[in-house]
J.: 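I'd like to ask some things about the structure below.
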2 protein chains.
Amino acid sequence: MTGWVKIVGLGPGAEGHVTPEAQAVLDDCTDVVGYIPYVARVPERAGLVKHASDNRVEIDRSRHALEMAAEGRRVAVVSSGDPGVFAMASAVFEALEAGPEAWKALEIEVIPGITASLAAAARAGAPLGHDFCTINLSDNLKPWALIEKRLRLAVEGDFAMAFYNPRSKARPEGFAHVLELLRETCEPGRLILFARAVSTPAERLIWVALEDALPEMADMRTMVIVGSSRTRAIAGTGWVYTPRFVVEPGAE
Amino acid sequence: MTGWVKIVGLGPGAEGHVTPEAQAVLDDCTDVVGYIPYVARVPERAGLVKHASDNRVEIDRSRHALEMAAEGRRVAVVSSGDPGVFAMASAVFEALEAGPEAWKALEIEVIPGITASLAAAARAGAPLGHDFCTINLSDNLKPWALIEKRLRLAVEGDFAMAFYNPRSKARPEGFAHVLELLRETCEPGRLILFARAVSTPAERLIWVALEDALPEMADMRTMVIVGSSRTRAIAGTGWVYTPRFVVEPGAE
């Protein structure tokens, strides 16, 4: 039997966002590996072995998946959203690169999913309809100075911004700093979306002006989208969008 | 009968990337509106009316969709990839904002899809596994000076970058300028992915070092991903990924 590792994106939560390609892998694998709440989303069936682990053990989990594949098992490594966006794909490749030479011949596939930023944007309208940056605000794996530098450059370029992991338990003050930085560099009416648990029964969306944004509006299940200076709300509706065009300088 | 407009992402091309949520809309609508090749991807069925139009008429097409919904029809506006990323969602909201007041009460929904950048990244490994920028290189709707400014800031922030619409027929020299700018600002070994027609039978992926990149490697069906300075190829495999972590300055 030939083993494999397929790194699967489950989408943000709703069954309707699980692609047929992802579903086929879940139906065909012998083992599911991942963070506890994501493994729980895969239905039990005869012959399927679940290996759920806690957060912050991504490399151990990846090594385990590769080891099992080398033994001939068909292993699905599951992530919420898309596996390539602040999720398990990079971790598996890190483990592959550092691991035994024989692993490099293993069959590996990455199965894309609906990522949280695009699911949140869809519920809100089209705030990411123009150029945007996708930034992980967690400082577990990078220094705060780099986060701050990237935020300042993204504002200078007038990109819209999608923030993953806005508030970590380990450093809850980080997101308060982010809001301070945005208040220094953007106009007070800049639109910010807090989209919690998108596509699940617990979904909650709030649009506020930057001057009204509070750190407590975000937690680890919240996607934060900051509009560009051109992002606008449509009066009389709940919709927010960023126009596709930018007028030539001087023409406005 | 109550009409609606649902703005649907079909994913980059493969049937296996069409979400069940998107499929349900295609099965339930009375009308499909969109650019000719995307409308062609929706199977014919009794009672379904297709309205295919050429490129660059996004606002006319959006107005038509909203008019039909106001008359009680159930209209799917289809885009390739995700409708919120350089696709139809912003155009529909532009038309909604400029249109008759009555349209604002219409039922509208945006159905997210697998966007081309994430599908391309998945085929290549995990090049977008750390912070990244998503930039439309077409200068139809924005001045070249703004594209150049954003590219320089994205390089300065050491973001990975995903480029949509790298080469337009109207201005094929634009992408040559982009490569020149990258050569001025990045190291020669910086990795660039050219991913054409991802997930279709015509798919073709090429990774090259920046110094070997040629403008002709891209066309309008190509997604271009430029790695950050930390993006690496795994020797002995075809995989490329961006590590999740950045070492603290001075610790390396």
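Convention: sequence-line order gives letters A, B, ...; per-chain numbering from 1.
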J.: Determine the option with the most heavy-atom pairs under 4.5 angstrom with chain B, choosing from A:Ile114, A:Thr237, A:Val85, A:Ile111.
T.: A:Ile114
J.: Need one label for B:Asp158: side chain, backbone, both or neither, based on atoms under 4.5 Å from any heavy atom in chain A.
T.: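 Its backbone and side chain both get close to chain A.
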J.: Is it the backbone or the side chain of B:Ala91 that comes under 4.5 Å from a heavy atom of chain A, or both, or neither?
T.: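 For B:Ala91, the contact with chain A is made by backbone and side chain together.
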J.: Is it the backbone or the side chain of A:Ile147 that comes under 4.5 Å from a heavy atom of chain B, or both, or neither?
T.: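 Answer is neither: A:Ile147 stays 4.5 Å or more from chain B.
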J.: Determine the minimum heavy-atom distance between B:Leu151 and B:Ile135, stating which atoms define it.
T.: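 What the structure gives for the nearest pair is CD2-CD1, 4.0 Å.
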J.: Counting only heavy atoms closer than 4.5 Å, note whether B:Arg232 contacts chain A via side chain, backbone, both or neither.
T.: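 When you check distances to chain A, only side chain atoms of B:Arg232 fall under 4.5 Å.
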J.: Looking only at heavy atoms and a cut-off of under 4.5 Å, which of A:Glu58, A:Glu156, A:Glu101, A:Lys149 has the most pairs with chain B?
T.: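 Looking at each of A:Glu58, A:Glu156, A:Glu101, A:Lys149 in turn, A:Glu156 comes out on top.
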J.: Among residues at least two apart in sequence or on other chains, which ones pass side chain to side chain donor-acceptor pair (under 3.5 Å) with B:Asp28?
T.: none
J.: Between A:Leu153 and chain B, which part of the residue has a heavy atom less than 4.5 Å away: side chain, backbone, both or neither?
T.: both
J.: How are the rings of B:His177 and B:Trp144 set to each other: parallel, tilted or perpendicular (split at 30° and 60°)?
T.: tilted
J.: Quick one: what part of B:Ala120 sits under 4.5 Å from any heavy atom of chain A, side chain, backbone, both or neither?
T.: neither
J.: Please determine, among A:Ile234, A:Thr134, A:Leu118, A:Val110, the option with the most heavy-atom pairs under 4.5 Å with chain B.
T.: A:Thr134
J.: Picking from A:Gln23, A:Lys104, A:Arg152, A:Glu94, which has the most non-hydrogen pairs under 4.5 angstrom with chain B?
T.: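 Looking at each of A:Gln23, A:Lys104, A:Arg152, A:Glu94 in turn, A:Glu94 comes out on top.
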J.: Which of the residues A:Ala119, A:Ala121, A:Gly125 is involved in the greatest number of heavy-atom pairs with chain B at under 4.5 angstrom?
T.: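 Between A:Ala119, A:Ala121, A:Gly125, the count favours A:Gly125.
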J.: Measuring heavy-atom distances to chain A, does B:Asn136 have an atom under 4.5 Å in its side chain, in its backbone, in both, or in neither?
T.: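 Both backbone and side chain of B:Asn136 come within 4.5 Å of chain A.
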J.: List, one per line, each side-chain donor-acceptor pair under 3.5 Å for residues 7-21 of chain A, sequence neighbours excluded.
T.:
{"unit_1": "A:His17", "atom_1": "NE2", "unit_2": "B:Glu21", "atom_2": "OE1", "d": "2.7"}
{"unit_1": "A:Thr19", "atom_1": "OG1", "unit_2": "A:Ala22", "atom_2": "N", "d": "3.0"}
{"unit_1": "A:Glu21", "atom_1": "OE1", "unit_2": "B:His17", "atom_2": "NE2", "d": "2.7"}

J.: Fit a plane to each ring of A:Phe93 and B:Trp239, take the angle between them on a 0 to 90° scale, and name the class: parallel (under 30°), tilted (30 to 60°) or perpendicular (over 60°).
T.: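 Tilted, since the angle between the ring planes falls between 30° and 60°.
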